[in-house]
Protein chains: 4
Amino acid sequence: MPPVVSDKYKQEKKAAILKSAFECFAEKGFQVATIDDIVAHSKISKGAIYNYFSSKDDIYLELMNQHTNENISNLKVELEKLSCTKDKLDYIFQLYSQLNEQPQFANSTRVHIEFWLYSTRKEDLRDLMLDRYEMYKTLFNTILVEGIKKGEISSSVHTDEIAQIFWGLIDGISLHYSMLLDKYPYKQVYNEMKELIYTKLDMK
Amino acid sequence: MPPVVSDKYKQEKKAAILKSAFECFAEKGFQVATIDDIVAHSKISKGAIYNYFSSKDDIYLELMNQHTNENISNLKVELEKLSCTKDKLDYIFQLYSQLNEQPQFANSTRVHIEFWLYSTRKEDLRDLMLDRYEMYKTLFNTILVEGIKKGEISSSVHTDEIAQIFWGLIDGISLHYSMLLDKYPYKQVYNEMKELIYTKLDMK
Amino acid sequence: MPPVVSDKYKQEKKAAILKSAFECFAEKGFQVATIDDIVAHSKISKGAIYNYFSSKDDIYLELMNQHTNENISNLKVELEKLSCTKDKLDYIFQLYSQLNEQPQFANSTRVHIEFWLYSTRKEDLRDLMLDRYEMYKTLFNTILVEGIKKGEISSSVHTDEIAQIFWGLIDGISLHYSMLLDKYPYKQVYNEMKELIYTKLDMK
Amino acid sequence: MPPVVSDKYKQEKKAAILKSAFECFAEKGFQVATIDDIVAHSKISKGAIYNYFSSKDDIYLELMNQHTNENISNLKVELEKLSCTKDKLDYIFQLYSQLNEQPQFANSTRVHIEFWLYSTRKEDLRDLMLDRYEMYKTLFNTILVEGIKKGEISSSVHTDEIAQIFWGLIDGISLHYSMLLDKYPYKQVYNEMKELIYTKLDMK
DNA sequence: GATGAATGAGTATTCATTCAT
DNA sequence: TATGAATGAATACTCATTCAT
C-alpha cells in the first residue's frame with residue numbers, strides 16, 4: 001500500500017479493478033452494479049478506484065477499449081499471416097465458433113450490449129461506440145474486398161452488406177445465447193450461419 | 001353492490017398507462033425512465049398507476065405481453081390466410097422490411113433488448129422471456145417444416161437453425177440500426193439477408 | 001401525512017422546512033450544514049424536503065427572497081406613510097438600531113454574508129444577489145434624492161455614495177457584531193454612524 | 001547529526017506553500033479549494049504540505065497571521081515616522097484608497113471574510129480572530145487618542161466608535177466591492193467616507 | 001378509485017488526512 | 001524529508017413504493 005510506486009504496480013492495480021468491475025457488471029448488469037459492489041468485490045477502497053478511473057462510465061470504457069484493442073490488433077496480426085481469403089474467413093469464423101464455451105461469454109455479451117444501449121442516450125459515449133462498430137465492420141469488409149480483387153470471391157458480392165450481416169448475426173446469436181444459455185444450440189446455429197455466408201460468397 | 005366503474009373504463013385506463021409508459025421507456029430507457037415520467041406523460045396519478053400495476057417491472061411485462069400477443073396472433077391469423085410457403089415467408093419478411101421507417105422503431109428495439117437483458121437477472125421474468133422467444137421461433141420453424149412436408153422447400157434445410165438465424169438476424173440488425181440510425185443501411189442489409197436465406201431454402 | 005392536501009398545509013410545511021433550514025444554517029453555516037442536518041432538525045424526510053425545494057441553494061434562496069421581500073415591502077409601506085425626509089431616515093435608522101437585540105441577528109448576518117460570498121462563484125446565483133443589493137441601495141437613494149428635491153437635504157450631497165456608505169456600514173457593523181457579539185458596542189457604534197451621516201446630510 | 005536541510009530551505013518551502021494556498025483560496029474560496037488544488041498549483045506533494053502544516057485550517061491560519069503581522073508591523077513602522085495626526089490618518093486612508101486596483105483585492109477580501117465567518121464556529125480559531133480585530137481597532141484608536149492629546153483633533157470625538165466605524169466601513173465597502181466589482185464605485189464611496197470621517201474629526 | 005405527499009435506502013462522487021516506501 | 005496511493009466517512013440528490021385522505 002505504498003506511494004512512489006512502480007508502473008507495474010499501478011498497472012496491476014488498474015487491472016485488478018477492471019477485473020472486479022467486469023465481474024460485477026457481468027453479475028448484475030452495468031447499470032445495476034454499483035461502485036460499492038466493485039469495492040466489496042475487489043477489496044479496493046472507493047477512493048483508490050477513483051484514483052484510477054474518473055467515473056463508472058470510464059471504468060466500462062477502459063474495459064471495452066482494452067477488450068476491443070486487444071481483439072482487433074490480435075485479429076489483424078493473425079490475418080496478416082494468412083494470404084488466401086478462405087483462410088482469413090475461416091480464421092474469423094473459428095474465433096467465434098466456440099465462444100459459448102468460455103464461461104463468461106454470456107455475461108460479457110450482456111454487459112457489452114447493455115452498455116451499447118446505455119451509450120445511445122449519452123452524446124459523449126455514442127461516438128466512441130460508433131467508431132468501435134466501424135472498426136469491426138471494416139475489418140470484415142476489407143477481407144471481402146481483397147478477396148474480390150484477388151478473384152477468390154464472386155465479384156457480385158455486396159461486401160458491405162455481408163459484413164454487416166456477419167456482425168449482426170454475431171450480435172444477434174450472442175444475445176440469444178446469453179439469454180437462453182444451454183437451451184440455445186449455439187454451435188449448430190453458428191455453423192448454419194457460416195454455411196449460409198460461404199454459399200453466398202461462392203469462394204474458390 | 002355493483003362495481004363503481006365499468007370494466008371498459010378500467011381497460012382504457014390501463015391502456016393509457018401502458019401507452020405512456022412505452023413512450024417514456026422508449027425515450028429514456030427502461031431503467032432511466034421513472035414512474036414520475038409516466039405520471040407526467042400520462043397525467044394519471046402515481047397512486048392510480050399502482051392501482052393497475054404492482055411495479056415498474058410489471059408495467060413493462062404487461063407492455064411486452066400485450067405487444068407479443070398482438071403480434072403473434074396477428075401473424076398467425078395472416079399466415080393462416082396464405083397457403084403456399086413462399087407467400088408466408090414473403091409476408092413475414094415484408095413485415096420487418098420497412099420497420100426502420102416507423103418513427104419509434106429504434107427506441108422500441110432498445111427498450112425491448114434492454115428489458116430482455118434486465119430480465120436475465122430476474123428469476124421470475126426470465127421464464128416469461130424464454131417462452132416468448134420460443135413462440136417466435138416456433139412460428140417461423142413451423143412454416144419451414146410445413147414447407148418441407150409440402151415439398152416447397154428443400155428437405156435438407158435445418159429448419160430450427162434457420163429459424164434461429166432469422167430471429168438472430170432480425171434482432172442483430174435491429175440492434176445495430178437502433179444505434180447507428182441513418183448511418184445504417186437497414187434496407188440493403190435486410191434485403192441481402194432475405195436473399196441469403198431464400199437461396200438456402202431453395203424454394204419452389 | 002396526506003396527499004390531496006390544502007394550500008395552507010403546503011405553505012406550513014414549506015415554512016417549517018425553511019425555519020429548520022435557517023436554524024441549521026445559522027448554527028453551522030450554509031456550506032457546512034447538510035441536508036441531513038435539516039432532516040434531523042425538522043423531522044421531515046429528505047424526500048419531502050426535495051418535494052418542496054429543488055436543491056440546498058434553492059432553500060437558501062427562498063429563505064432570502066422571503067426575508068428580502070417582506071423587508072423591502074414593509075419598508076416601502078411604512079415609508080409611504082411618512083412625508084418628510086427626516087422622518088423617513090429616522091424610521092430606517094431606528095429599524096437597524098436594535099437589531100443586535102434579536103437573538104438570531106448574529107447568526108442571520110453570518111448566513112447571509114456567507115451565502116453572499118458563496119454566490120460570487122456561481123453564475124446563476126450572482127445576478128440574484130446583485131439585484132437584491134440594487135433594491136436596497138435604490139431604496140435609500142430615493143429618499144435622499146427626494147429630500148434634495150424637496151429642499152430638506154443639502155443639495156451638495158452625493159446621494160448614491162451616501163446610500164452605499166449606509167449599507168456598507170450596516171453590513172460592516174453587522175459583520176463585526178456577528179463575530180464579537182457582546183464585546184462589540186453595537187449601539188454606540190451605530191449611533192455614531194447615524195450622527196456622522198446626519199451631519200453630512202445637513203438636514204432641515 | 002545536523003539537520004538535513006537548512007532552516008532557510010524550510011522557510012522558503014513553507015512560504016511557497018502559503019503563496020499557492022492563498023491563490024487557490026482566492027480563486028475558489030477557502031471551503032471549496034482542496035488540498036489537491038494546492039498540490040497542483042504549488043507542485044509540492046501532499047505529504048510535504050502536511051509536513052509543514054497540520055491541517056487545511058492551519059494553512060489558512062498561518063496565512064492570515066503572516067498577513068496581519070506584516071500589515072500591522074509595517075503600518076506601525078510607517079506611522080512612527082509621521083508625527084502629526086493628519087499625516088498619520090492620511091497615510092492610513094491612502095493605503096486603502098486604491099486597493100481595488102490590486103488584481104487580487106476582491107478575491108482576497110472574500111477569502112478573509114469567508115474564513116472570518118468560518119472561524120466563528122470554531123472555538124480555537126475564534127480567539128485568534130478577535131485578537132486580530134482588536135489589534136486593528138487599537139491601531140486606529142491610538143492615533144485618535146494621541147491626536148486629541150496633542151490637540152489636533154476635537155476632544156469630543158468618540159475615538160473607539162470612530163475606529164470601529166472606520167474598520168466597519170473598510171470591511172463593508174470591501175465586501176460590496178468584492179461582489180459587485182466594476183459595478184461598484186469603490187473610489188467615490190471611499191472618498192465620501194474619508195470626507196465624512198474627517199469632517200467629524202474636525203482636524204487642525 | 002384517485003390522489004400525491006411522504007418515505008428512506010440507495011447512488012456516484014469527493015476530499016482531508018494518513019502512512020508505507 | 002518527500003512522495004502520492006490509499007482510505008472511507010461524508011455529501012447532495014433520486015425514486016420506487018406506500019398510504020392517509
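Everything numeric here is computed off the predicted structure, so don't read it as measured data. So that the names make sense, note that chain A is the first sequence line, chain B the second, and so on, each numbered from 1.
Regarding A:D36, its CG atom lies at a distance of 11 Å from the C1' atom of E:dT13, rounded to whole Å. In this entry the distance linking CD1 of C:I49 with C1' of E:dA9 reads 16 Å, nearest Å. Between the P atom of F:dA12 and the NZ atom of C:K122 lies a distance of 11 Å, rounded to the nearest Å. The interatomic distance linking D:Y50 (OH) with F:dA2 (C1') rounds to 16 Å, in whole Å. For the pair D:Y118 OH and E:dA16 P, the computed distance is 10 Å after rounding to whole Å. Atom CD in C:Q31 sits about 13 Å away from atom P in E:dA16, given to the nearest Å. Look at CD1 on A:I35: it is 16 Å from C1' on F:dT11, rounded to the nearest Å. Following rounding to the nearest Å, C:I38 (CD1) and E:dG8 (P) show an atom-to-atom distance of 17 Å.
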_I'd like to know whether B:R121 forms a salt bridge (charged side-chain N to carboxylate O under 4.0 Å, His left out) with A:E27, so could you lay out the CA-CA distance, the side-chain angles of the two residues, the decisive distance to 0.1 Å, and finally the verdict._
CA-CA 8 Å; B:R121 336 254 182 196; A:E27 193 195 340; over 6 Å; no
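Classified by interplanar angle (parallel below 30°, tilted 30° to 60°, perpendicular above 60°), the ring pair C:Y60/C:F115 is parallel.
The phosphate of F:dA2 (OP1 or OP2) has a side-chain N or O of D:Y52 nearer than 4.0 angstrom. Considering only side-chain N and O atoms, C:K13 lies under 4.0 angstrom from the phosphate OP1 or OP2 of E:dA6. Listed pair D:K56 / E:dA16 meets the phosphate criterion, a side-chain N or O lying under 4.0 Å from OP1 or OP2. Regarding contacts with the backbone of E:dA2, every side-chain N or O of B:K46 stays at 4.0 angstrom or more from both OP1 and OP2. Phosphate contact (OP1/OP2 of E:dG1, side-chain N/O of B:K10, threshold under 4.0 Å): present. Of the side-chain N and O atoms in C:Y9, one or more sit less than 4.0 angstrom from OP1 or OP2 of E:dA6. When the side-chain nitrogen and oxygen atoms of D:N51 are compared with OP1 and OP2 of F:dA2, one or more of them lie within a distance under 4.0 Å. Contact between the side-chain N/O atoms of A:S45 and the OP1/OP2 oxygens of F:dA6 is not found at any separation under 4.0 Å.
Side-chain contact of C:Q104 with C:N107: a donor-acceptor pair under 3.5 Å is present, judged by distance alone. Side-chain contact annotation: B:K46 with B:Y50, donor-acceptor N/O pair under 3.5 Å absent. For the residue pair B:T68 and B:R132, a side-chain donor N or O sits within less than 3.5 Å of a side-chain acceptor on the partner.
Mapping D:I44 and C:V32 onto DNA chain F via the closest heavy atom, the residue that lands nearer the 5' end is D:I44. Taking the nucleotide of DNA chain E with the nearest heavy atom to each of A:D57 and B:G47, the more 5' of the two is matched to B:G47. Nearest-nucleotide positions on DNA chain F for B:F30 and A:A48 put A:A48 closer to the 5' end.
Tested against B:K8, the residues B:K10, B:Q11, B:E12 include a single side-chain contact (heavy atoms from CB on, under 4.5 Å) partner, B:E12.
Using the Watson-Crick or G-U wobble rule with both distances under 3.5 Å, F:dA20 pairs with E:dT3. Base pairing of E:dA9 is made with F:dT14, judged by Watson-Crick or G-U wobble geometry with both donor-acceptor distances under 3.5 Å.
Nucleic acid contact for C:K43: none, since no nucleic acid atom lies under 4.0 Å from a heavy atom of the residue. As judged by a 4.0 angstrom heavy-atom cut-off over every strand, A:F53 is placed among residues making no nucleic acid contact. Using a 4.0 Å heavy-atom cutoff across all strands shown, B:S55 reaches sugar-phosphate atoms only and no base atom.
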